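One structure below.
None of the values given here were measured: they were computed from a predicted structure. Sequential numbering from 1 along the given sequence is applied to the chain's residues.
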Amino acid sequence: MPLEIVTIPCLSDNYAFLAHDPVSGETALIDAPEAAPILAALESRGWQLSHALLTHHHPDHVDGLFDILAKHPARVIGAKADEHRLPELDQAVAEGDTFYIGGDLVEVLDVSGHTIGHIAFHMPETGAAFTGDSLMALGCGRLFEGKPAQMWASLGKLAALPDETIVCSGHEYTQSNAKFALTIDPDNAALQDRVADINRARAAGEPTVPSVLALEKATNPFLRAADPAIQAHLGMENADPTSVFAEIRARKDRF
Ligand code: ZN
Ligand code: FE
């Protein structure tokens, strides 16, 4: 049975998520940018946290955890590779590890690139992936620690998930990502349609996260480095997709 997903805006442009199993009552938090909105979301639903899942160590993903745990003593799960720089973990996980939230399986993917040790959580029965600052709506995280080849491989793992997967990413960067995406893939009709939807949603104050993986695959330039139209637009016909991805990421850093 799928878990109920709640999106919680935090700080200026972060998102945290709750994944709640109505049968067992177990509730997982994914990332903890700040305590107040997360505590309010739990309280308004009468939910008690059972798990806290961390995608990576950056302050805007963990700083709220301490105050949340004071009221919700949950099991903290994060990357074994980052144990030294994450809040204290109850369970250290690596790629291929699995665990359960209520009756639903959670699979751990290593999606290093933004940081080394960044993980994503895939819930196949719920059809959701919590990607933090790896795959984002129309974007991907900046490469603070990893190399382009590593991020390209990480994005490939996420792109291989089922098309209908809901991508729960860590930031509302979509509108600025959209402006950039149009410079890379200007003739993509699906992208043009999506940008119109994004502009409408943001004008109405609505979030653009989560998104659907099939739409990311059709419109997100960071997943489309092997696309002939993008390669031609960049003057990189038949180039290795890793080097095309590196070029797209470098252009975004200058954008
Ligand atoms: Zn980050
Ligand atoms: Fe972040």
Verify, without hydrogens or angle tests, whether E164 (side chain) and V212 (backbone) share a donor-acceptor contact under 3.5 angstrom. no
Give a yes or no answer on whether the side chain of T27 reaches the backbone of W47 with a donor-acceptor pair at less than 3.5 Å. no
Are side-chain heavy atoms of I166 and C168 found at a separation under 4.5 Å? yes
Non-hydrogen atoms of P73 and Q48 that approach each other most closely: CD-NE2, 3.8 Å
Quick check: closest heavy atoms across A226 and P241, and the distance to 0.1 Å? CB-CG, 3.9 Å
Quick check: does any side chain N or O of N14 sit under 3.5 Å from a backbone N or O of D60, one acting as donor and the other as acceptor? yes
Do any pairs count as a ring pair (Phe, Tyr, Trp, His ring centres under 6.0 Å) and have a residue in residues 127-176, sequence neighbours left out, and if so which ones? F17-F130, H58-F144, H61-H171, H114-F144, W152-F245, H171-Y173
same_hphob_cluster(V93, L86) at 4.5 Å side-chain heavy-atom cutoff: no
Tell me if a side-chain donor or acceptor on E216 pairs with a main-chain N or O of S211 at a distance below 3.5 Å. no
Would you call the rings of F99 and F121 parallel, tilted or perpendicular, taking 30° and 60° as the class edges? perpendicular
S134/L158 under side chain to side chain contact (heavy atoms under 4.5 Å, CB included): CA gap, chis, key distance, verdict: CA-CA 9 Å; S134 60; L158 294 167; 3.6 Å; yes
Start with the C-alpha gap between L135 and C140, add the side-chain angles, then the distance that decides, and say whether side chain to side chain contact (heavy atoms under 4.5 Å, CB included) holds. CA-CA 5 Å; L135 175 61; C140 78; 5.6 Å; no
Can T115 and E145 be counted as having a side-chain donor-acceptor contact under 3.5 angstrom? no
With a 4.5 Å heavy-atom cut-off, do P22 and M1 have their side chains touching? yes
P210 versus V167: any side-chain heavy-atom pair under 4.5 Å? no
Here the pair of heavy atoms bringing A41 nearest to I8 is CB-CD1, 3.6 Å
Distance-minimising heavy-atom pair for D31 and H56: OD1-N, 4.5 Å
State, yes or no, whether a side-chain contact exists between L18 and L49 at a heavy-atom distance under 4.5 Å. yes
Heavy-atom check, side chain of R251 versus side chain of F180, under 4.5 Å: yes
Would a distance-only check, ignoring hydrogens and angles, find a side-chain to backbone donor-acceptor pair under 3.5 Å from D21 to E26? no
Could you tell me the separation between the CD1 atom of I119 and the OG1 atom of T55, rounded to the nearest 0.5 Å? 7.5 Å
To the nearest 0.5 Å, how far apart are CD1 in I77 and CD1 in I101? 5.5 Å
Are L138 and L213 joined in one hydrophobic group, where the rule is that I, L, V, M, F, W and Y side chains link up if heavy atoms are under 4.5 Å apart? no
Could you check if a side-chain atom of E125 sits within less than 4.5 angstrom of a side-chain atom of P2, using non-hydrogen atoms only? no
Taking atom CD of E88 as the centre, report whether more than 12 heavy atoms of other residues, nucleotides or ligands fall under 6.0 Å from it. no
Single-linkage hydrophobic cluster, 4.5 Å side-chain cutoff, V209 and V195 together: no
For the pair K71 (side chain) and L39 (backbone), establish whether a donor and an acceptor sit closer than 3.5 Å, ignoring hydrogens and angles. no
For the CD1 atom of I116 and the NE2 atom of H118, what is their distance to the nearest 0.5 Å? 12.0 Å
Test item: E4 side-chain N/O and H20 main-chain N/O as donor-acceptor pair under 3.5 Å: no
CG (N199) and CD (Q175) are apart, to the nearest 0.5 Å, by 5.0 Å
Are the charged groups of R202 and E206 less than 4.0 angstrom apart, N to O? no
Atom of I198, atom of A178 and distance for their closest heavy-atom approach: CD1-CB, 4.3 Å
Atom NZ of residue position K80 - does it have more than 12 heavy atoms of other residues, nucleotides or ligands inside 6.0 Å? no
Please report the shortest heavy-atom distance between T174 and A137, naming the atom on each side. OG1-CB, 3.5 Å
Other residues, nucleotides, ligands: >12 heavy atoms within 6.0 Å of D253 CG: yes
Examine the side chains of D240 and S243 and answer whether a donor and an acceptor come within less than 3.5 Å of each other. no
Kindly compute the distance separating CG (L3) from OG1 (T126), expressed to the nearest 0.5 Å. 3.5 Å
Ignoring hydrogens and geometry, is there a side-chain-to-backbone donor-acceptor pair from D82 to A79 under 3.5 Å? no
Between CG on residue L223 and CG on residue N220, distance to nearest 0.5 Å: 4.5 Å
Counting only N and O atoms by type, is there a donor-acceptor contact under 3.5 Å from the side chain of N188 to the main-chain atoms of L191? yes
Verdict with reasoning, I248 to L234, per side chain to side chain contact (heavy atoms under 4.5 Å, CB included): CA-CA 9 Å; I248 297 170; L234 298 176; 3.8 Å; yes
Give the cluster check for V108 versus V111: same hydrophobic cluster or not, with ILVMFWY residues linked at side-chain heavy-atom distances below 4.5 Å. no
Is H51 close to V106 at the side-chain level, that is, under 4.5 Å between some pair of heavy atoms? no
Selection residues 183-220 - residue pairs positive for ring pair (Phe, Tyr, Trp, His ring centres under 6.0 Å), sequence neighbours left out: none
Taking OH in Y100 as the centre, count heavy atoms belonging to other residues, nucleotides or ligands within less than 6.0 Å. Is the count above 12? no
Is a salt bridge present between D197 and R194, judged by a nitrogen-to-oxygen distance below 4.0 Å? no
Can L109 be reached from L155 by stepping across I, L, V, M, F, W or Y side chains whose heavy atoms are under 4.5 Å apart? yes
Show your reasoning for whether side chain to side chain contact (heavy atoms under 4.5 Å, CB included) applies to R249 and R142. CA-CA 8 Å; R249 188 58 251 179; R142 193 177 278 260; 4.1 Å; yes
Quiz question: by atom type and distance under 3.5 Å, do the side chains of H233 and D185 form a donor-acceptor pair? no
Looking at T165 and L161, would you say the former's side chain and the latter's main chain have a donor-acceptor pair under 3.5 Å? no
Contact check, side chains of M136 and T131, non-hydrogen atoms, under 4.5 Å: no
